[in-house]
Enquirer: 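I'd like to ask you about the structure that follows.
The analysis underlying the following values was restricted to heavy atoms, covering all of them including side chains, and did not include hydrogens, waters or symmetry mates.
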Amino acid sequence: MNSSASPPLALIFGPFDPTGADGLPADAVTCANLGCHGLAAVTALTVQDTAGLEEVHPVSAELLDDQARCLLEDMPVQAIKIGGLYSTETASVAAQIAADYSQVPLVLHLGLRGPAGDDVSEQDDADDLLAATLELLLPQAQLVVVEHLRLAQWQADGSIDIGGSPSPAHALLAGGAQWALVLGAPMRPGHRENLLLGPDGRTQAWPWQALPERNSDTGGLVAAAATALLARGLDIPRAAELALQHAAQAIAAAFLPGMGKRIANRVGTRG
């Protein structure tokens, strides 16, 4: 019996979102539609519906380490996506794994800083997690994906120090990332673009459109698509371009299955 050729393998670090709107279930579909097989290292289990997030149950750093290394020691992974970390300990574990497999392209999605909370200690934990992510993971990322509004918020509250960089996006490169893809970056008054910044001042921009009402952020979708495309061997500028196209198609076909936000329709969407 003939066995078919193995598709490229992409390892995704992220939470299990039971709605399939984001996180591991969604990223697995994205990988499949772009010709990859997705592997998963679960960072947390969540309780949520389309209206909102109710509970987050992070996994321990030890369990995350065991999950990822078990997969990496068994199969040849072609690209890694890291997003949805919930503690400085798991950020440290993910960074060490990335260092041990530095030959594998790493896509870092900078999203929420972990579970939101009104308690001061919870906010301090979230700040520490972002600081650890920027210090330990950003310098290892071949590509970092982030929404501009999030970057601007972090700059405003002092979480990111742009130093002598001309913008928060450029500060990501100064922090060690090879490439940065910023979604919805302001280029001139009233005009935004998806901006890719790279080494030696290389830039590329694509039109950005505001999300339809009741849609979620697109950063996780774009990052997962870029990871799958890098696993297939594309270079970063081409992977970023096709990932944005893939996300735009999925969002254009978004559906409203519940009482909350729309879900990007990844089914049948290809790059």
Side-chain angles (χ1 to χ4, degrees), residues 9-17 22-24 27 38-46 55-75 77-117 119-146 150-151 153-154 157-161 163 168 171-180 219-220 223-224 226-227 230:
L9 305 177
L11 174 58
I12 311 296
F13 287 69
F16 186 91
D17 174 355
D22 200 358
L24 296 176
D27 286 355
L39 310 175
V42 182
T43 62
L45 300 176
T46 69
E55 298 177 22
V56 177
H57 299 272
V59 306
S60 67
E62 293 78 12
L63 179 55
L64 181 62
D65 189 60
D66 288 345
Q67 289 182 80
R69 292 189 184 278
C70 187
L71 295 169
L72 287 162
E73 291 167 8
D74 179 51
M75 291 175 277
V77 169
Q78 279 82 39
I80 297 173
K81 175 199 169 191
I82 295 178
L85 299 173
Y86 294 89
S87 69
T88 56
E89 291 80 11
T90 52
S92 179
V93 160
Q96 186 58 60
I97 291 170
D100 291 344
Y101 291 86
S102 58
Q103 76 279 9
V104 181
L106 171 63
V107 177
L108 176 63
H109 175 218
L110 290 180
L112 296 175
R113 290 184 284 182
D119 187 89
V120 172
S121 64
E122 291 178 336
Q123 185 59 51
D124 288 343
D125 288 345
D127 293 341
D128 290 344
L129 173 57
L130 178 60
T133 301
L134 295 176
E135 178 183 353
L136 301 176
L137 284 164
L138 185 64
Q140 301 191 66
Q142 277 68 44
L143 174 66
V144 57
V145 179
V146 64
R150 205 174 302 285
L151 267 185
Q153 174 193 338
W154 290 339
D157 65 22
S159 298
I160 288 183
D161 180 10
L172 297 175
L173 299 186
Q178 290 186 19
W179 295 82
T227 304
L230 290 175

Enquirer: State the OG1-NE2 distance between T227 and H109, to the nearest 0.5 angstrom.
Expert: 10.5 Å

Enquirer: Sorted by first residue and then second, give each salt bridge (charged side-chain N to carboxylate O under 4.0 Å, His left out) pair with at least one member in residues 86-97; sequence neighbours left out.
Expert: none

Enquirer: Nearest 0.5 Å, what's the CG-CD distance between L11 and Q78?
Expert: 11.0 Å

Enquirer: Are the side chain of D17 and the backbone of G23 linked by a donor-acceptor contact shorter than 3.5 Å?
Expert: no

Enquirer: Determine whether I80 and P105 make a side-chain contact, defined as any pair of heavy atoms from C-beta on separated by less than 4.5 Å.
Expert: no

Enquirer: In a table with atom names and distances, give each donor-acceptor pair under 3.5 Å that connects a side chain of residues 58-65 to protein atoms at least two apart or in another chain.
Expert:
unit_1: S60; atom_1: OG; unit_2: L63; atom_2: N; d: 3.1
unit_1: D65; atom_1: OD1; unit_2: R69; atom_2: NE; d: 2.9

Enquirer: For A174, check side-chain contact (heavy atoms from CB on, under 4.5 Å) against everything at least two apart and list the hits.
Expert: S165

Enquirer: Starting from the C-alpha separation in whole Å, work towards a yes-or-no answer on side chain to side chain contact (heavy atoms under 4.5 Å, CB included) for S92 and L136.
Expert: CA-CA 7 Å; S92 179; L136 301 176; 4.2 Å; yes

Enquirer: Over all heavy atoms of both residues, which pair between T43 and F13 is shortest? Give the atoms and the distance, please.
Expert: CG2-C, 4.1 Å

Enquirer: Applying salt bridge (charged side-chain N to carboxylate O under 4.0 Å, His left out) as the test, list every pair that has at least one member in residues 171-180; sequence neighbours left out.
Expert: none

Enquirer: Mind checking whether L129 and D127 have side chains closer than 4.5 Å, heavy atoms only?
Expert: no

Enquirer: Using side-chain contact (heavy atoms from CB on, under 4.5 Å) as the criterion, list what pairs up with A180, not counting sequence neighbours.
Expert: V144, L172, L173

Enquirer: Using side-chain heavy atoms (C-beta onward) and a distance below 4.5 Å, is D27 in contact with K81?
Expert: yes

Enquirer: How long is the straight-line distance from CG of D125 back to CG of L130, given to the nearest 0.5 Å?
Expert: 13.0 Å

Enquirer: Looking only at non-hydrogen atoms, find the nearest pair between T46 and F16 and report the distance.
Expert: OG1-O, 3.1 Å

Enquirer: Are any non-hydrogen side-chain atoms of T133 and L108 less than 4.5 angstrom apart?
Expert: yes

Enquirer: Could you tell me which non-hydrogen atom of G111 sits nearest to which non-hydrogen atom of R150, and how far apart they are?
Expert: O-CD, 3.2 Å

Enquirer: Contact between V107 and I82 at the side-chain level, heavy atoms closer than 4.5 Å - yes or no?
Expert: no

Enquirer: With a 4.5 Å heavy-atom cut-off, do L85 and L137 have their side chains touching?
Expert: yes

Enquirer: If every non-hydrogen atom of V77 is compared with every non-hydrogen atom of L39, which pair is closest and at what distance?
Expert: CG2-CD1, 3.8 Å

Enquirer: Going from CD on E73 to CG on D100, what distance comes out if it is rounded to the nearest 0.5 angstrom?
Expert: 9.5 Å

Enquirer: Could you grab the distance from atom OG of S102 to atom CD of Q142, nearest 0.5 Å is fine?
Expert: 8.5 Å

Enquirer: Please name all residues satisfying side-chain contact (heavy atoms from CB on, under 4.5 Å) with Q103, sequence neighbours left out, ordered by chain then number.
Expert: Y101

Enquirer: Quick one: does Q140's side chain have a donor or acceptor within less than 3.5 Å of a partner on L106's backbone?
Expert: no

Enquirer: Apply side chain to side chain contact (heavy atoms under 4.5 Å, CB included) to L143 and Q178, showing your working.
Expert: CA-CA 6 Å; L143 174 66; Q178 290 186 19; over 6 Å; no

Enquirer: Taking all non-hydrogen atoms of both residues, which atom of L134 and which atom of P139 are closest, and how far apart?
Expert: O-CD, 3.5 Å

Enquirer: Testing the basics here: between A41 and A68, what is the closest heavy-atom pair and its distance to 0.1 Å?
Expert: CB-CB, 4.3 Å

